[in-house]
Number of protein chains: 2
Amino acid sequence: MFMQNKPSNFINNTVKCESCSLVHVCLPSGLSSSEMSLLETSIDKTTKINKKETVFKANDEIEGIYAVKSGALKTSISNRDGQEQILEFHLPGDMLGFDAFNQGIHTCNATALEDTLLCKIPIETFDSLCEKLPGLRRELRHQVGKEIAHNQSLLLSLGQQQTDERLATFLLKMSDHYKSRGFSSNEFVIPMPRQDLSNYLGMAVETLSRIISRMTESGLIKMDRRVVSIMDLEKLQALAHSSC
Amino acid sequence: MFMQNKPSNFINNTVKCESCSLVHVCLPSGLSSSEMSLLETSIDKTTKINKKETVFKANDEIEGIYAVKSGALKTSISNRDGQEQILEFHLPGDMLGFDAFNQGIHTCNATALEDTLLCKIPIETFDSLCEKLPGLRRELRHQVGKEIAHNQSLLLSLGQQQTDERLATFLLKMSDHYKSRGFSSNEFVIPMPRQDLSNYLGMAVETLSRIISRMTESGLIKMDRRVVSIMDLEKLQALAHSSC
DNA sequence: CGGGAAATTGATGACTTTCAAGGTGTGTGG
DNA sequence: CCACACACCTTGAAAGTCATCAATTTCCCG
């Protein structure tokens, strides 16, 4: 059918960073091997979060920085009225926890979309390692820059695009993501239900469903539940107004 | 009438950080006096940007980190199709430039809304200072955290709120901002035209104008061009669904 | 004081949400 | 292994929100 998105170390959750299939996209990617081994001694690689459970919540004090090994998470914020906005989906290799950098308090919730394995670096350890390792500081900046860029891109989408353009943009981003990790860019499985995706894209679930139907009829895509097939890349790109 | 938003050092643009009226909100706020003086020697305090000119553009290589001394800027991104989204307005004391942290390349444009004075720290200097000064690293993280929090908040607004709720949220944020800097929270001047504000809030100019009219009729606010008066704080907060 | 940008207002139509109903798939317990 | 319950997803109809086009007014700058 199509490639699974599970990394090979799904079972062995204490694999070394240098042997981890995610090493090139994860925090250690820019570190020297000596830096990596120093970092490695401080990583708790045993954190498991069950589906629908949270890694942290808004107003929690920061405990650490996390990297997703397998599974998937969403981060979201809400206001007093209960309005909620999903900010980002975190796939294997993605980092999270930077939202607490301002006050040491998390501003968002991180919830598992499926059973998820994490690497955790306690914040104190992380801080002291940053003192010692210039490479880690650089990597931190890259990761933070990525997060800022992601937010900016989503703002553009929510602020200026129509609903169908938003979905097209999202699908192209996912396609690129999987492609960059060696998976198929035409067929992939997204980890979130319609409800979460529609919230992320700032529209009603029904609207999302209708768009999917329309885009399927037009021969742009197929979406069977969470299995996405991109049928006409060029048209999809034209719809998204971007090269991605 | 109401207090001007010009800091007292508008003319003297080479005032020392410790004497600057913005010291408590700017980068040096968490530094010791020795750290501050070390930082100070590396700051170029003479950068002046005229209205409608840019500090940097998307795809520019990062030159430095900036702090707004007086005036105001907007940062914005756009895609191939020319769709543009304003990401943030930067008022005196705000920092910018972190968007280039991922690749060393700016992802957004920074444009002056009015004649603006900036403090500039060349990126190489900034990097090497970060090596030496733990306090600066901490401050950097705070500033970056603030930026992330701002983006998250705007995402919630664009993704989940109606147009009038978005404006209410924005006005309350501005009110809080000026209040925290010792200005009136009921009457203040915003630095951007309707066009920019409507773009920022993800709506058409006409829609913004209509909302203002409606909210004026309801006795919530008054807005004479850029002069904002908050007439009924509680109703405004209720509309925004938040305490801010 | 005049020209032009900025802002407001009105009419219309497109897009999106909401409410409602029905369909599809999955997982669990008998 | 089947059946049922439930969550997830889709579709339809109606209503509401917002954008667009157009015209007008207001204000600012030279």
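The chains referred to below are lettered A, B, ... by the order of the sequence lines, with proteins before strands, and numbering in each begins at 1.
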Protein proximity profile, nucleotides 22-27 of chain D - base contact B, sugar-phosphate-only contact S, no contact -, cut-off 4.0 Å on heavy atoms
----BS
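- The side chain to side chain donor-acceptor pair (under 3.5 Å) test applied to A:E88 returns no partner, not counting sequence neighbours.
- Summary for the helix from C:dC1-D:dG30 to C:dG30-D:dC1: the axes at its two ends, each from 5 pairs, differ by 50° when rounded to the nearest 10 degrees.
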Distance-only donor-acceptor hits, side chain of residues 58-68 of chain B, under 3.5 Å, sequence neighbours excluded:
residue, atom, partner, partner atom, Å
B:D60, OD2, B:K57, N, 2.8
B:E63, OE1, B:K120, NZ, 2.7

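- Legend: residues meeting ring-ring contact (aromatic ring centres under 6.0 Å, His included) with B:H90, ordered by chain and number and at least two apart, are absent.
- Reading DNA chain C from its 5' end, the first and the last nucleotide to sit under 4.0 Å from a heavy atom of chain A are C:dC15 to C:dG25.
- Annotation: salt bridge (charged side-chain N to carboxylate O under 4.0 Å, His left out) contacts of B:K74 (sequence neighbours excluded): B:D196.
- Under the rule for a side chain to side chain donor-acceptor pair (under 3.5 Å), the partners of A:Q85 that lie at least two apart in sequence or sit in another chain are B:Q160.
- Applying the side chain to side chain donor-acceptor pair (under 3.5 Å) rule to A:R194 yields no partners; only residues at least two apart in sequence or on another chain are considered.
- B:T207 is linked by a side chain to side chain donor-acceptor pair (under 3.5 Å) to nothing, counting only residues two or more places apart in sequence or in another chain.
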Tell me which donor-acceptor pairs under 3.5 Å the side chains of residues 216-225 of chain A have, and how far apart each pair is, sequence neighbours excluded?
residue, atom, partner, partner atom, Å
A:T216, OG1, A:I212, O, 2.7
A:S218, OG, A:R214, O, 2.7

Can you give the donor-acceptor pairs under 3.5 Å from side chains of residues 147-156 of chain A to other protein atoms, not counting sequence neighbours?
residue, atom, partner, partner atom, Å
A:H150, NE2, A:Y200, OH, 2.9
A:Q152, OE1, B:T107, OG1, 2.7
A:S153, OG, A:K173, NZ, 2.9

